[in-house]
2 protein chains.
Amino acid sequence: MKQETHLRANGPTRLQRDLLPRIIGLIRSDGLERGAHLREVALARRLQVSRTPVRAALEFLAKRGVLDWRPRRGFVLSQPGDSIAADGLPPAPAEIDQLCLKIAGDRMAGRLPIEVTQAELLRRYAMPRPLLLRVLDKLAEVALIERKPGHGWLFSPAIDDAQARMESYEFRRLIEPASVLAPSFKLDPLWISEMRHRHEAMLAAPWRETSSIELFEMNAAFHEGLVAAARNRFMLIAVQQQTRLRRFANYNWTYGYERVVASCTEHLEILDRLAHNDREVAAALLRRHLDNASKLRRPTEPY
Amino acid sequence: MKQETHLRANGPTRLQRDLLPRIIGLIRSDGLERGAHLREVALARRLQVSRTPVRAALEFLAKRGVLDWRPRRGFVLSQPGDSIAADGLPPAPAEIDQLCLKIAGDRMAGRLPIEVTQAELLRRYAMPRPLLLRVLDKLAEVALIERKPGHGWLFSPAIDDAQARMESYEFRRLIEPASVLAPSFKLDPLWISEMRHRHEAMLAAPWRETSSIELFEMNAAFHEGLVAAARNRFMLIAVQQQTRLRRFANYNWTYGYERVVASCTEHLEILDRLAHNDREVAAALLRRHLDNASKLRRPTEPY
DNA sequence: TCTTGTTTCATCGGCAACCAAAATACAATA
DNA sequence: TATTGTATTTTGGTTGCCGATGAAACAAGA
């Protein structure tokens with residue numbers, strides 16, 4: 001078959017997987033209806049990629065029945081944008097982060113010694129060396145591990161330590177409220193309403209196994225979004241690093257459901273204030289929210 | 001000759017070069033006298049390395065005449081520690097940073113397009129691919145460049161932009177004074193006095209060509225030292241990143257000598273306050289110092 | 001002319017192998 | 001016994017190559 005020259009039988013590649021949710025996001029935010037024509041070049045430009053991976057992703061969606069395809073006519077929505085089920089798609093949390101997560105987790109659980117070499121890790125986790133190096137560099141960025149001068153890598157003694165947790169909150173407590181108060185702070189009303197929807201949906205839905213990850217990502221998006229609105233790239237970078245660190249350190253929520261409710265409620269309160277541009281109060285609430293979170297102790301895990 | 005099995009004729013390797021100043025630093029801070037015996041194992045342990053590179057570094061120093069070597073007796077200081085001339089040694093500003101510096105510089109000068117591929121860079125700068133990748137990742141860490149989703153890398157539009165400068169100062173203005181005021185802040189008196197010496201020496205010496213780099217590194221050490229004293233690893237990481245960013249963006253001082261004097265004076269004032277543990281005033285001075293610096297505009301360069 | 005289909009070219013990442021040198025174990029000597 | 005000298009093992013940076021795939025040019029059809 002000539003028409004799938006560029007799509008391998010084994011399925012979508014990494015880039016193509018990453019593209020899928022973004023394409024669906026565009027379809028949704030554009031409010032496209034059934035029958036709308038998806039132009040390849042336009043998508044490619046908006047996604048900062050060439051047509052090739054876009055085509056592949058579209059073909060994948062066509063196979064899933066989300067799109068219809070007719071020769072010489074391209075891809076067309078087979079259903080309204082907001083009815084597309086998201087769960088069929090691989091959530092794709094950035095693969096490389098997955099590995100960081102796994103290694104950090106193994107270290108915390110004591111399955112890895114405090115000092116390791118690349119070779120050991122390569123033997124333990126079957127992965128290409130360049131990938132491992134990028135993983136290690138990424139862990140080093142958030143100070144979870146450190147290159148020894150000669151050979152070998154040294155995990156920070158205190159990954160799981162309460163100390164690191166405290167420092168992290170101290171840091172965020174400094175940056176996040178300051179962002180909200182920055183003169184350059186400007187929040188997109190659309191972002192506010194979308195964020196509110198997500199929180200309300202989280203509160204409404206029953207607690208499932210996967211909710212933990214969803215919750216984490218929603219929280220991360222909330223905090224990063226606030227800082228992004230201050231339009232200071234360095235603050236944003238710093239907070240993103242914190243997010244990554246926390247992602248590696250605790251992906252699962254162990255504080256009980258009532259804390260979920262409390263956290264969401266606090267977020268919603270902050271959003272309300274920001275919707276009315278009451279930034280002083282919002283910043284104060286944010287500060288208290290972080291304080292509340294920092295006071296929690298993991299009840300179950302014996303770290 | 002069997003005795004130099006481990007030292008290649010082409011000279012010290014990267015690790016060995018990095019070891020040289022650290023060894024000399026240890027000799028100095030231990031206040032060793034002429035004739036003192038340098039034990040290999042002890043050095044290796046203190047430097048977190050094996051004996052091999054230590055030996056090589058010591059042999060190098062012996063060739064330079066700093067040490068004497070006798071068979072079966074090891075290395076011995078041929079002169080008192082504080083009389084060792086530091087300038088014969090390669091200063092070694094972390095090679096990888098050198099490359100970042102060069103690439104960032106070429107971009108700023110317009111010698112590189114806004115969008116590049118790995119292959120182009122490999123052709124332009126002769127370097128191994130893994131090294132280039134680490135350089136690019138490092139530049140990405142400070143938001144000077146960004147990986148496109150598919151192929152290619154995109155320089156941030158505003159490397160040299162006044163905007164980035166402003167954001168950087170805003171960020172540091174937030175973090176650095178907060179560090180000084182942190183409850184955990186604790187400064188080593190030795191650090192204070194050494195830092196004061198360096199500043200006084202800088203003021204006393206005439207302005208040479210190389211003073212620019214010296215000045216930059218001294219400033220960096222000053223600001224990083226203050227933040228390090230707050231004992232919050234994330235604040236420290238953030239400030240170190242800022243330092244690296246500034247190192248890449250402007251290694252040369254273009255504000256005139258009177259600003260050098262002013263800056264050093266301000267630093268000394270802050271050090272005085274800190275010596276008396278007057279942290280509130282020190283923090284205020286630090287804030288003003290950063291404000292002063294942020295208001296400067298590069299007079300000469302036409303970016 | 002604009003969009004899709006097809007082909008070509010360049011790029012990138014994985015893989016295997018190589019080699020300098022770092023780590024380590026062992027021998028020799030003060 | 002402590003320290004240096006020597007040999008061995010292991011590591012990690014480097015190189016070259018190959019295949020998958022993204023980018024880009026071209027062709028064809030609405």
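Here is how names work: the chains are called A, B, and so on, in the same order as the sequence lines, proteins then strands, and each is numbered from 1.
Checking the phosphate oxygens (OP1, OP2) of C:dA30, no side-chain nitrogen or oxygen of B:R73 falls inside 4.0 Å. Within the 4.0 Å cut-off from OP1 or OP2 of D:dG22, not a single side-chain nitrogen or oxygen of A:T52 is found.
In this model, no side-chain donor or acceptor of A:R55 finds a partner on the base of D:dG22 within 3.5 Å. Counting distance only, with no hydrogens placed and no angle test, the side-chain atoms of B:R72 and the base atoms of D:dT4 include a donor-acceptor pair under 3.5 Å.
Rounded to whole Å, atom P of C:dC26 lies 14 Å from atom CZ of B:R51. A straight line from NE2 of A:H37 to P of D:dA30 spans 13 Å, rounded to a whole angstrom. The nearest whole Å value for the distance from the CG atom in B:L132 to the C1' atom in D:dT15 is 15 Å. B:Q48 places its CD atom 14 Å from the C1' atom of C:dA22, with the value rounded to the nearest Å. At whole-Å resolution of the value, CZ in A:F75 and P in C:dT4 are 9 Å apart. Atom CD of B:E40 and atom P of C:dT24 are 15 Å apart (whole Å). Rounded to an integer number of Å, the gap from B:K148 NZ to C:dA10 P is 18 Å. With rounding to whole Å, A:R70 atom CZ is found 12 Å from C:dG5 atom P.
Qualifying salt bridge (charged side-chain N to carboxylate O under 4.0 Å, His left out) partners for A:R14, counting only residues two or more places apart in sequence or in other chains: A:E95. With sequence neighbours left out, the salt bridge (charged side-chain N to carboxylate O under 4.0 Å, His left out) criterion links B:R70 to no other residue. Under the salt bridge (charged side-chain N to carboxylate O under 4.0 Å, His left out) criterion, B:R45 pairs with no residue, sequence neighbours left out. Every residue was checked against the salt bridge (charged side-chain N to carboxylate O under 4.0 Å, His left out) condition with B:R39, not counting sequence neighbours, and none meets it.
Using a 4.0 Å cut-off between charged side-chain N and carboxylate O, B:R46 and B:D30 make a salt bridge.
Listed candidates were C:dA22, D:dA23, C:dT3. Nearest to the side chain of B:T13 is C:dA22. Comparing atom distances between the A:L15 side chain and each of D:dT3, D:dG22, C:dT4 picks out D:dG22 as nearest. Distances from the side chain of B:P53 to the nucleotides C:dA23, D:dT21, D:dT4 place C:dA23 closest.
Nucleic acid contact class of A:L19 (heavy atoms, under 4.0 Å, all strands): none. As judged by a 4.0 angstrom heavy-atom cut-off over every strand, A:L58 is placed among residues making no nucleic acid contact.
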Close N/O contacts between protein and nucleotides 11-18 of chain C (under 3.5 Å):
from   : atom 1 : to     : atom 2 : distance (Å)
C:dT11 : OP1    : B:R123 : NH2    : 3.4
C:dC12 : OP1    : B:Q118 : N      : 3.0
C:dC12 : OP2    : B:Q118 : N      : 3.4
C:dC12 : OP2    : B:A119 : N      : 3.0
C:dG13 : OP1    : B:R147 : NH2    : 2.8
C:dG13 : OP2    : B:Q118 : NE2    : 2.9
C:dG13 : N7     : B:R129 : NH1    : 2.6
C:dG14 : O6     : B:R129 : NH2    : 2.9
C:dA17 : N6     : A:R129 : NH2    : 3.0

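At most 12 heavy atoms of other shown residues, nucleotides or ligands fall within 6.0 angstrom of atom CD in A:E194.
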Counting only pairs under 3.5 Å, give me each side-chain donor-acceptor contact of residues 136-154 of chain A, with atom names and distances, residues two or more places apart or in other chains.
from   : atom 1 : to     : atom 2 : distance (Å)
A:K148 : NZ     : A:E115 : OE2    : 2.7

